[in-house]
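Here's the structure we're looking at; comments come further down.
Here the structure is a predicted model, which is why all the values come from computation and not from measurement. For ligands, and for the atoms within them, numbers begin at 1 and follow the listed sequence.
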Amino acid sequence: MSSGGPQRPTDRTVRVEVPGQPYEVRIGSGLLSQLGEFLNSLGLARPGSHAFIAYDSRLPDATVAAARQSVESAGLRVSSAFVVADEASKSISALEALLVRLAQSRHERREPLIALGGGIVGDLAGFAAAIYRRGVPVIQCPTTLLSMVDASVGGKTGINFAIGPGESDFLKNLIGAFHQPALVLADVSTVASLPDRQFRSGIAECIKHGLLSADFGDPDLLGWTTSHMETIVARDAATLIELIHRNVAVKAAVVKGDERELSPAGGRALLNLGHSFGHAIETLPGLDLLHGEAVALGLMAATTCSAAMNRCPKALPDEVKAVLTKAGLPTQLQGLPPDDQLLARMAHDKKVEGGSLRLILPLGTGRSMVVRDPSAAQIQVGWAAIRA
Ligand SMILES: NC(=O)c1ccc[n+]([C@@H]2O[C@H](COP(=O)([O-])OP(=O)(O)OC[C@H]3O[C@@H](n4cnc5c(N)ncnc54)[C@H](O)[C@@H]3O)[C@@H](O)[C@H]2O)c1
């Protein structure tokens with residue numbers, strides 16, 4: 001579906017070519033105040049119809065109001081509900097509460113659900129949109145850097161699920177659906193209110209993309225990101241638009257080739273670079289890591305493994321460390337549990353992923369590859385690299 005929609009010279013567009021429902025990611029500053037026009041151009045603003053906005057409770061009132069007013073100006077009746085964005089909100093009970101609100105507002109089958117927030121709101125509202133009345137159109141309006149460059153694009157939605165009382169029984173993203181958005185509107189002005197740590201966390205996913213982007217049309221993404229880090233961290237709007245544009249283009253190219261993560265040769269699984277290590281520590285109590293911080297440590301560990309296995313130039317770990325440090329992201333950590341516990345946590349992930357641990361290793365010059373079932377000794381080199 002083409003959004004048509006308003007277009008200013010500074011806006012950028014990426015088309016995500018998935019079978020059945022291609023869609024656009026529009027990147028610019030101030031786009032939320034044009035949301036109604038975009039709905040109109042998608043045929044989602046029929047007279048008397050309804051739109052539902054699920055928004056992050058920590059957003060400034062002005063951000064939510066900009067979206068709401070724009071949709072109302074397009075003639076739609078608007079209902080809304082806030083979501084407190086923590087991992088506990090990616091739950092059955094929060095999903096149920098949102099579905100109840102949708103039904104109470106008499107939201108119909110072809111009416112848009114707008115997800116306004118970071119990855120948590122996007123994953124929860126996206127999943128609600130996938131199952132409510134067997135699927136309603138979702139418009140992803142990401143408000144974190146991480147969700148602009150990653151979570152809002154590609155159609156993965158879902159919630160966490162506890163299968164028991166233990167800490168290892170809490171399984172991230174266990175239940176969900178592929179539900180591609182009808183449109184993604186990345187309004188870079190919304191990140192002005194994002195806490196610094198959250199903003200830097202998003203840069204980790206950009207660095208991840210830079211380590212695999214050469215096979216997806218952008219061989220110099222890591223070099224560009226490194227050389228523009230000061231303006232990125234300063235949240236310069238033009239630099240952010242280019243950063244997000246380039247990262248979304250890479251993600252779109254990956255998703256186009258492997259929408260449902262089925263490719264044995266890599267495909268979408270490559271986007272898990274840094275995540276096998278990262279997931280093992282992200283939810284460990286006491287470490288207090290954001291997703292992007294865990295990914296940053298995971299990138300460091302994976303790159304060090306790769307160098308030790310002679311898969312990449314020996315200098316790559318130092319390069320990765322330098323760019324992560326420039327972004328203010330961690331590369332080492334105190335308080336990591338012993339290796340056997342970390343390996344057990346990775347093995348737990350392995351069971352979830354179907355019996356085989358896939359480690360993604362950077363090869364240098366913007367390429368990465370999947371390695372199946374590396375030995376414990378090989379993985380331990382990675383943990384040793386990030387243990388302070
Ligand atoms: N679906 C996917 O493909 C995908 C990909 C990557 C990550 N994810 C998921 O995304 C989630 C993480 O998302 P995230 O990093 O975007 O963070 P988030 O949604 O957890 O938000 C981070 C924090 O920032 C606040 N916030 C969000 N936008 C704000 C703004 N503009 N101003 C002020 N505060 C704001 C939130 O309230 C929250 O406290 C995880 O649950 C992860 O599993 C999904």
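Taking the six-membered ring where the residue is Trp, H228 and W224 present parallel rings, their angle staying beneath 30° rather than reaching 60°.
When the shell of 6.0 Å around NZ of K256 is examined, it contains 12 or fewer heavy atoms from other residues, nucleotides or ligands. The 12-atom threshold is not exceeded at CZ of R110, counting heavy atoms of other residues, nucleotides or ligands nearer than 6.0 Å.
Residues of the protein with a heavy atom under 4.0 Å from ligand 1 are D56, R58, L59, A85, E87, K90, G118, G119, I120, D123, T143, T144, L146, S147, D150, A151, K156, K172, N173, T190, S193, L194, P195, Q198, K251, listed by chain and number.
Cation-pi check for R15 over Y23 is not met; the charged atom does not lie both under 6.0 angstrom from the ring centroid and within 45 degrees of its normal.
With 3.5 Å as the limit, one finds no donor-acceptor pair spanning the side chains of K156 and N173.
In this structure, the separation between CE on M229 and OG1 on T239 is 11.5 Å, given to the nearest 0.5 Å.
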